[in-house]
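One structure below.
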Protein chains: 2
Amino acid sequence: MSTIRQLADSLGLSITTVSRALDDYTDVSALTRARVRAAAEASGYRPNAAARRLRRGLTEVVTMVLPTAHGRFDEPLYIELLAAMGPHFVKAGYDLTLLTAPPGDEEIKTYRRIVEGRRADGIIVVRARRDDARIRYLLTTDTPFVVMGRSDVVGDYSLLDGDGMKAFGVATERLLALGHRHIVHLAAPSAFTFSTLRRTGYEAAMHAAGLQPCSVESAAETDPAYAVALHILADENRPTALLCATDRMAYGVLRAARELGLRVPQDLSVMGHDNLPASGQTDPALTTMELPLADTGERLALMLLERIKTPDAKPVHDIREVRLIERGSIAPPMTL
Amino acid sequence: MSTIRQLADSLGLSITTVSRALDDYTDVSALTRARVRAAAEASGYRPNAAARRLRRGLTEVVTMVLPTAHGRFDEPLYIELLAAMGPHFVKAGYDLTLLTAPPGDEEIKTYRRIVEGRRADGIIVVRARRDDARIRYLLTTDTPFVVMGRSDVVGDYSLLDGDGMKAFGVATERLLALGHRHIVHLAAPSAFTFSTLRRTGYEAAMHAAGLQPCSVESAAETDPAYAVALHILADENRPTALLCATDRMAYGVLRAARELGLRVPQDLSVMGHDNLPASGQTDPALTTMELPLADTGERLALMLLERIKTPDAKPVHDIREVRLIERGSIAPPMTL
DNA sequence: CTAACAATCCAAAACGTTTTGGATTTTTGA
DNA sequence: TCAAAAATCCAAAACGTTTTGGATTGTTAG
């Protein structure tokens, strides 16, 4: 509740001097600075955030908008991401405000409110889409932002994403090394950028091995993947390994295999991507790939802060290595 | 970038009138109000948040601090909670700022910063602890807050929690109804309030059935629970059902059972609590209990808004029903 | 016709900072 | 010793709103 004026009065100083003492200006004597510091500490003085923001013309706020479809947001990963970003924003003196908006009109309105109302110094866009209206809008403004994931929208902006193409190449090679020859890729809808990249990685590796790639598309959820997997696995000439674009899809495959009496990994190797918390608990535990979230959050936060500090610097594209997490769901194919 | 002054000038009105027109005061004519509205809309005018907050003396911000141990926060549930609260805060004109702090000194400092710097109109405290320094501190201030979970700290504050006692009573009865007689409860450390409540519910139900309850304590994580479960299940006279305080502990039990060659649910029934995303993917899928998060988030948000609006109203204690989610991990005990 | 009242508008103060542009005192250099 | 320079301080302006306390005009009642 204390103001800088009360503090100044109690010290017999002007508010100018108190302000400058607390802000490490050189035109206040060491003695005075010490006195002010001590008094501020003792009285628990904190500058009123609204006042300083108004005067300084900045918000000390960064914003992230959760794209919540029908009020839900079933993405356990993001809480870790937020937790990892938190300390960096705190250290830099920024508050992170978290908003929610369903994709669509409402979403863009939310972004407009942030930008036009000057409610944030920077924005984090997550779950990039191929044709992303958020990115298109932000490019027309001068609000600094960073994107997690890749989009087809062209323009100068910083982004961070896992190297899905390389990861799926490596994953395919791993399966090949185990002796698999008939490997099918269960792909996510090509509307997602990540889907195309992962698929490309898989197909390139197959070609390099002189094998014919085979990608089957399905919605990126457990149930649709389950249905598609039932089909694939019921076939006479079924594959010995199924490389899934996401863990959720892999869960569907595991269920389908169980139902058809196929043993994993003896009869079928399964791999996913994301390393969801659930993937350590499936039976057998799922082999998967992971973009380490702690690092990612940290990097994303630093990228945004950098963007805010020097908006004219060249945006960076950080494509990060994805880690292969090998668990029990893959093995050499049984020789029949 | 537009200010109210520019808008006023462009209309040939005073800023007073513009401000009051936009705020539905009665002392501005309908015609003027319409003109102002239209011009504001057209120019995309948004009041500067910092200025209005300074003048009004409120922040239009509510805060939640994630208790992150060693920089991580492995609690997938909270993202859903946040997603559920979001729309209600947006509707009421509040921004939600999300901070992180490791439990301990740093945590209390963070709360002081919020309170003393007047950085939020209200606070959400999650993961209440039995002796909770955050609650003790907040009670000494006049900052409105609501607590998720229960604590031993006494005082007038609003809280929301699942009725763990009742839920574990019901769960125990369900196992009894299936025919189990030798049911062991794997309890979380008694430092957590929820642990004591769940244990009480279990023990009461056992007593009511004329059976001797048996609770074994373990850290509320997978690995410790695994170790304890190995012990319990290796015993000659092992239980036919293990009721776990949390899903994570149940995962440990499932692993231990698998390793000992015990089939679930034929040889051992297992139950957990939380309904983590992973619990639908275990084999067999875990029977568990859930505090519906969408409802909870909504309720929590409304409780806080209420608390902000009328701080003198009597605080409410909302103990919510927990839903039993029956999956494949429980069955009648095999008659040996 | 006038006093009272209603309707509509506005100038200026206030919110609590930071920053500008000196003012005053002390020290230094020649 | 005196002018210049350095050190230290401060009054006042500014940030963009909202709100207070009228001022002005038009309308109504007697």
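Convention: sequence-line order gives letters A, B, ...; per-chain numbering from 1.
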Would you call A/Leu96 and B/Leu99 a side-chain contact if the rule is heavy atoms closer than 4.5 Å? no

Taking the side chain as every heavy atom from C-beta outward, state whether A/Thr140 and A/Arg136 have any atom pair closer than 4.5 Å. no

In this structure, CD of A/Glu290 is separated from OG1 of A/Thr296 (nearest 0.5 Å) by 8.5 Å

Contacts of type side chain to side chain contact (heavy atoms under 4.5 Å, CB included), residue B/Thr310, not counting sequence neighbours: B/Glu306, B/Ala313

Expressed in angstrom and rounded to an integer, what is the separation of [X] atom [atom1] from [N] atom [atom2]?
X        : N      : atom1 : atom2 : value
A/Arg53  : D/dG16 : CZ    : P     : 16 Å
B/Arg56  : C/dG16 : CZ    : P     : 16 Å
A/Leu58  : D/dG16 : CG    : P     : 12 Å
B/Glu60  : D/dT17 : CD    : P     : 13 Å
B/Arg118 : C/dC15 : CZ    : C1'   : 14 Å
B/Leu11  : C/dT8  : CG    : P     : 17 Å
A/Leu54  : D/dT18 : CG    : C1'   : 13 Å
A/Asp9   : C/dG16 : CG    : C1'   : 13 Å

We want to know whether B/Thr32 and B/Ser29 form a side-chain donor-acceptor pair, criterion being a heavy-atom distance below 3.5 angstrom. yes

Are [X] and [N] close enough that a side-chain N or O sits under 4.0 Å from OP1 or OP2?
X       : N      : value
A/Thr17 : D/dC10 : yes
B/Thr3  : D/dG16 : no
B/Arg52 : D/dT18 : yes

May I ask you to decide if A/Gly122's main-chain N or O and A/Arg307's side chain share a donor-acceptor pair within less than 3.5 Å? no

Assess whether a salt bridge exists between A/Asp27 and A/Arg20, defined as any Lys/Arg side-chain N lying under 4.0 Å from an Asp/Glu carboxylate O. yes

Nucleic acid contacts of residues 24-45 of chain A, taken as heavy-atom distances under 4.0 Å to DNA chain C: A/Tyr25, A/Tyr45

Pick base, sugar-phosphate or nothing for A/Arg20, based on heavy-atom distances below 4.0 Å to the nucleic acid. base

Sub-3.5 Å pairs of nitrogen or oxygen atoms, protein against nucleotides 11-13 of chain C:
from, atom 1, to, atom 2, distance (Å)
C/dA11, N7, B/Thr16, OG1, 3.3
C/dA11, N6, B/Thr16, OG1, 2.7
C/dA12, N6, B/Thr16, OG1, 3.4

Is it true that atom CG of A/Asp105 has more than 12 heavy atoms of other residues, nucleotides or ligands lying nearer than 6.0 Å? no

For A/Arg5, is the CZ atom crowded, meaning more than 12 foreign heavy atoms sit under 6.0 Å from it? no

